[in-house]
Amino acid sequence: MVNPRVHVKAQDLGDAEDLRMSMLRQVGPAMATVAACVIATYVVPDLAFARPWKPGDPLPFWNLIGRPLETEEIEAEAERAEEVEEVAQEVLAGNDPEPEVAPDREVIEVDAVETLPPYEARDGDDKRAVRPIELFEGTELDGFFESLARADAGIEGSVVRVMHWGDSSIGIDGIPGAIRRRMQNRFGDAGHGFHLMAPPNTSYRHREVDFSHNDAWKKCFIIHKCRSDGHYGLGGTTYSSWGGGQSSFAPHPERSSGKVSRFQLFYAGQPEGGHIRVQVDDGEKVILETAADTLDDRVWSVQVPDGPHELTVRAVGEGQVRVYGVAMERPGPGVVWDSAALVGAFTNRMMEFDEEHLANQLKQRGTELVVFTFGGNDMIRKMKMSTYADEYRAVIGRVKAAKPDAACIVMAPLDHGERQGAQIVSKDVVPRMVAAQREAAKDSGCAFFDTFEAMGGKGSAGRWYQRKPRLMSGDLGHATASGHQVIGELFFRAVLRAYVDYRTRADVEGIPAQPEDATPEPPSAPEPPPAPEPAEAPAE
């Protein structure tokens, strides 16, 4: 006798099987049609816009189906993370992770030698770079390294100047300051370098400068596109005052050597320009006339005995003045690492600089290396990476046209993380942007430093945030003060490794003690006799 319940269940199973077969007969052709359409987008050029995946984009569903197969890559990531952690522990071992202030170097007179002595290794030169500087032709930094070799040898007057532009990732002079201190400890301290007349935002702070201002300057920051003439000064901000604006500059007595031997004031001549008063310490007050037929670039320079000094700059009326900033240097030999954080800027904001003005600023400053660190703000833009790479090429092209003999390094953005439940993962845009910047650097004759991979690659923002002390801030896109020091160390090791490779290269020998095109630096402009001091207009 047949059990009716069993009979019914068997009948239900049969019906279900029929239903599945019916669904497959309907879905199968539909899936085949979809697959044919997808294939067509790769075969027919006019359908390229509809391609669901393009080279450089992450593979769809790769985290689900492919990630378990990437055992070698996962192991490599773990090794990089461990190596970065070793560097971090070394950097943060002391209470103050910053290296000590560089001691003065022994100086060799130029007339004493014709060519530099052979490279001599120093302590730390053998440290391995977690991520090396990428040199696509192998010679992108040769000119910079040749100048660095003169400072390394102690040749008198060898001052190597670097300009570091970037977005908020280099704000508060964190990463540039960490690099500066390390470069100066290794190659000599030639001073702090360039500083703006007043902070354009709350993220502008230079710890090594004892600085004050009275907040009476009218500011125009390049990201606001507020100067149609494109004259923003080296640091991307121009300052104006009809009278009353005042700023003071001195090397910080504890966070730097506390010494300076030259001040340079970068300012503008312009129609109906007013007067600027400059004064070193309690010395003579000097009045600078800024009236000119057309807008032009000017530099006032003064030499002082190497030691603690303060420069005060004040707008004193008789018309409006425009000023950009002050540079502080020492005699050398050594390195100066200027930094200008264009907080909130897209990379293409650099195109707002007037070409001739930018050329004048870099020439007057004597810049030999330019470092770019952009990309953090560009990650929020809805754009193709090919378009972004074109923008970066244009920016590099403008700077190289302004200073053709300056070398350049593109420093990739930091990893940027995002929270997915309890996890912190790297944003998909980061490696794609790094690839675009690498392509732009290669095409433009720049060297490239992959900050993202140096930090440990995928997931580094999360690891840096979760470690103690934290190296990444809570926004998962900006490093902490400790993180600045670690990144500075990673970059410094990469530059130093490339420099040592250059000095030990078979084709590098007999570096002249003085560059062939070297010309004596013009003396400081003679100080005019004090003019009758104009009546000071009230502060704006």
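Along the sequence shown, residues are numbered consecutively beginning with 1. Nothing here was measured: the structure is a model prediction, and the numbers come from that model. Quick note: numbers below take in every heavy atom, side chains included, and nothing from hydrogens, waters or symmetry partners.
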Any donor-acceptor pair under 3.5 Å linking the side chain of [X] with the backbone of [Y]?
X      : Y      : answer
Arg398 : Met351 : yes
Glu120 : Pro118 : no
Trp464 : Gly483 : no
Asp354 : His231 : no
Gln485 : Ala88  : no
Asn201 : Tyr204 : yes
Asp475 : Gly477 : yes
Trp165 : Leu234 : yes
His484 : Ala479 : yes
Ser256 : Gly258 : yes

message = Determine whether Phe144 and Val162 satisfy the following criterion, side chain to side chain contact (heavy atoms under 4.5 Å, CB included), listing intermediate values before the conclusion.
response = CA-CA 9 Å; Phe144 168 64; Val162 180; 4.0 Å; yes
inquiry  = Tell me which one of Arg161, His195, His192, Arg365 satisfies side-chain hydrogen bond (donor to acceptor under 3.5 Å, both in side chains) with Asp338.
reply    = Arg365
Please name the pair of heavy atoms, one in [X] and one in [Y], separated by the smallest distance, quoted to 0.1 Å.
X      : Y      : answer
Ala407 : Leu141 : CB-CD2, 3.9 Å
Arg497 : Ala129 : CB-CB, 4.2 Å
Thr290 : Ala268 : CB-O, 3.6 Å
Ser169 : Leu414 : CB-CD1, 4.1 Å
Ala153 : Pro117 : CB-CD, 4.2 Å
Arg180 : Ser339 : NH2-OG, 4.0 Å

Check this for me: does any side-chain nitrogen of one of [X] and [Y] sit under 4.0 Å from a carboxylate oxygen of the other?
X      : Y      : answer
Arg503 : Asp125 : no
Asp210 : Arg255 : no
Asp229 : Arg322 : yes
Arg181 : Asp189 : no
Asp167 : Arg349 : no
Lys127 : Glu90  : yes

request  = Using the side-chain contact (heavy atoms from CB on, under 4.5 Å) rule, pick out the option among Leu288, Val278, Asp297, Val321 that qualifies with Tyr267.
outcome  =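 Only one option passes, and that is Leu288.
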Using side-chain heavy atoms (C-beta onward) and a distance below 4.5 Å, is [X] in contact with [Y]?
X      : Y      : answer
Trp300 : Ile276 : no
Arg467 : Pro469 : yes
Thr139 : Leu135 : no
Val500 : Arg122 : no
Phe374 : Leu342 : yes
Val160 : Met183 : no
Lys403 : Met163 : no
Val399 : Phe372 : yes

Measuring from [X]:[atom1] to [Y]:[atom2], what's the distance to the nearest 0.5 Å?
X      : Y      : atom1 : atom2 : value
Phe449 : Gln437 : CZ    : CD    : 12.5 Å
Asn214 : Ser241 : CG    : OG    : 8.0 Å
Phe353 : Gln361 : CZ    : CD    : 8.0 Å
Ser460 : Leu471 : OG    : CG    : 10.5 Å
Cys446 : Ile396 : SG    : CD1   : 4.0 Å
Lys468 : Leu92  : NZ    : CG    : 13.5 Å

key: Phe145 and its ring pair (Phe, Tyr, Trp, His ring centres under 6.0 Å) partner, picked from Tyr502, Phe187, Tyr119   =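 Testing each of Tyr502, Phe187, Tyr119 against Phe145, the sole residue satisfying ring pair (Phe, Tyr, Trp, His ring centres under 6.0 Å) is Tyr502.
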message = If the test is ring pair (Phe, Tyr, Trp, His ring centres under 6.0 Å), which one of Tyr232, Tyr324, Phe266 qualifies with His357?
response =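 One option only clears the test, and that one is Tyr324.
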message = Holding to salt bridge (charged side-chain N to carboxylate O under 4.0 Å, His left out), I want the full list of residues that pass it with Asp415, two or more places apart in sequence or in another chain.
response =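 In terms of salt bridge (charged side-chain N to carboxylate O under 4.0 Å, His left out), with neighbours along the sequence ignored, Asp415 is linked to no residue.
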ask   = What residues, two or more places apart in sequence or in another chain, satisfy salt bridge (charged side-chain N to carboxylate O under 4.0 Å, His left out) together with Glu368?
value =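 Listed in chain order: nothing, the list is empty.
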Taking atom types as modelled and ignoring hydrogens, do the side chains of [X] and [Y] form a donor-acceptor contact shorter than 3.5 angstrom?
X      : Y      : answer
Glu85  : Gln89  : yes
His478 : Ser168 : yes
Ser248 : Thr312 : yes
His213 : Gln246 : no
Gln270 : Arg298 : no

task = Using the test side-chain hydrogen bond (donor to acceptor under 3.5 Å, both in side chains), find all partners of Asp126 that sit at least two apart in sequence or belong to another chain.
result =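 By the side-chain hydrogen bond (donor to acceptor under 3.5 Å, both in side chains) rule, Asp126 matches no residue at all.
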task = Show your working on side chain to side chain contact (heavy atoms under 4.5 Å, CB included) between Phe491 and Ile409 and close with a plain yes or no.
result = CA-CA 11 Å; Phe491 182 84; Ile409 299 176; 4.1 Å; yes
key: Candidate pair Ile223 and Val343, rule side chain to side chain contact (heavy atoms under 4.5 Å, CB included), full reasoning   = CA-CA 8 Å; Ile223 72 168; Val343 177; over 6 Å; no
Asp123, CG atom: more than 12 neighbouring heavy atoms under 6.0 Å =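 At most 12 heavy atoms, drawn from other residues, nucleotides or ligands, come within 6.0 Å of this atom.
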key: side chain to side chain contact (heavy atoms under 4.5 Å, CB included) between Arg182 and Arg186, intermediate numbers included   = CA-CA 6 Å; Arg182 287 162 173 79; Arg186 175 58 182 78; over 6 Å; no
task = Answer yes if the ring centres of His206 and Phe211 are under 6.0 angstrom apart, and no otherwise.
result =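 Ring centres of Phe211 and His206 not closer than 6.0 Å.
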